[in-house]
Amino acid sequence: MAFFTVSTSRHGTACVVQASGELDYGNAPVFRDETTKVWEAEAPPTVVIDVTALTFCDSTGVAELIVSLRRSRALGTRLVLVGVHGTLERILTITGLRSAFELSPSVEEALREM
C-alpha cells in the first residue's frame with residue numbers, strides 16, 4: 001500500500017484536515033474515516049482540507065473530496081481546499097470541478113478569510 005497519512009486539528013472554530021502521500025483507492029477509506037469524524041462531530045463553520053503534501057490523487061480520492069463538498073453544503077459549512085497542485089489540479093480543471101471548490105494557497109490564508 002502506498003504511503004498516506006491524514007490528521008485533523010482545530011484552529012479556533014475551524015477544523016483543518018491535512019492529507020499527505022497518495023490519496024488513491026487503497027487509502028481513500030482512511031481519508032473517509034477521518035473526514036467522517038469531522039462531519040459527524042459538531043460541524044465547525046469552516047473545514048479546511050490541506051492537500052499540499054499529496055503526491056498523487058486518483059478518481060477515488062477526488063470522489064472523497066466531492067463527498068466532503070456535498071456534506072459541507074448540506075451542513076452549511078464553508079469548505080476550503082488548500083494547496084491544490086499536480087494531478088489533482090489537472091483533474092479538477094479537466095472535470096470542471098475546480099470552480100465547485102473554494103481554493104486557497106495556504107492554510108493560514110484560508111483561516112484568515114474566515
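All of these numbers come straight from a predicted model, not from anything done at the bench. We count residues from 1, following the sequence as given.
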[atom2] on [Y] to [atom1] on [X], rounded to 0.5 Å:
{"X": "Thr55", "Y": "Glu22", "atom1": "OG1", "atom2": "CD", "answer": "4.5 Å"}
{"X": "Leu23", "Y": "Thr60", "atom1": "CG", "atom2": "OG1", "answer": "8.5 Å"}
{"X": "Thr46", "Y": "Leu79", "atom1": "OG1", "atom2": "CG", "answer": "9.5 Å"}

Considering all heavy atoms, the nearest [X]-[Y] contact:
{"X": "Val80", "Y": "Ala110", "value": "CG1-CB, 3.8 Å"}
{"X": "Glu89", "Y": "Val84", "value": "CA-CG1, 3.6 Å"}
{"X": "Glu64", "Y": "Ala28", "value": "CG-CB, 3.9 Å"}
{"X": "Thr77", "Y": "Pro44", "value": "CG2-O, 3.0 Å"}
{"X": "Ser7", "Y": "Glu34", "value": "C-OE2, 3.9 Å"}
{"X": "Phe101", "Y": "Leu92", "value": "CE1-CD2, 4.0 Å"}

In terms of hydrophobic clusters joined by side-chain contacts under 4.5 Å, are [X] and [Y] together?
{"X": "Val62", "Y": "Val17", "value": "yes"}
{"X": "Val67", "Y": "Leu88", "value": "no"}
{"X": "Val51", "Y": "Tyr25", "value": "no"}
{"X": "Ile66", "Y": "Leu75", "value": "yes"}

Does Gly61 offer a backbone N or O that forms a donor-acceptor pair with the side chain of Asp24 under 3.5 Å?
->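 Not confirmed, Asp24 side chain does not pair with Gly61 backbone.
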Where the side chain of His85 meets the backbone of Leu54, is there a donor-acceptor pair that is under 3.5 Å apart?
->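 It does hold such a pair.
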Just so I know, are the side chains of [X] and [Y] near enough to count as touching, which here means a heavy-atom distance under 4.5 Å?
{"X": "Leu65", "Y": "Phe31", "value": "yes"}
{"X": "Leu81", "Y": "Ser104", "value": "no"}
{"X": "Ile49", "Y": "Val82", "value": "no"}
{"X": "Leu103", "Y": "Arg98", "value": "yes"}

side-chain contact (heavy atoms from CB on, under 4.5 Å) between Arg71 and Trp39: does it pass, once the steps are laid out?
-> CA-CA 7 Å; Arg71 289 187 101 166; Trp39 300 119; 3.6 Å; yes
Under the criterion side chain to side chain donor-acceptor pair (under 3.5 Å), which of Asp50, Thr5, Thr8 is the partner of Gln18?
->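 Answer to the side chain to side chain donor-acceptor pair (under 3.5 Å) test with Gln18 among Asp50, Thr5, Thr8: Asp50.
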Yes or no on side-chain contact (heavy atoms from CB on, under 4.5 Å) for Val47 and Val38, after CA distance, side-chain angles and deciding distance?
-> CA-CA 8 Å; Val47 174; Val38 171; 3.9 Å; yes
Quick one: do Thr87 and Cys57 satisfy side-chain contact (heavy atoms from CB on, under 4.5 Å)? Show the steps, please.
-> CA-CA 6 Å; Thr87 304; Cys57 184; 5.6 Å; no
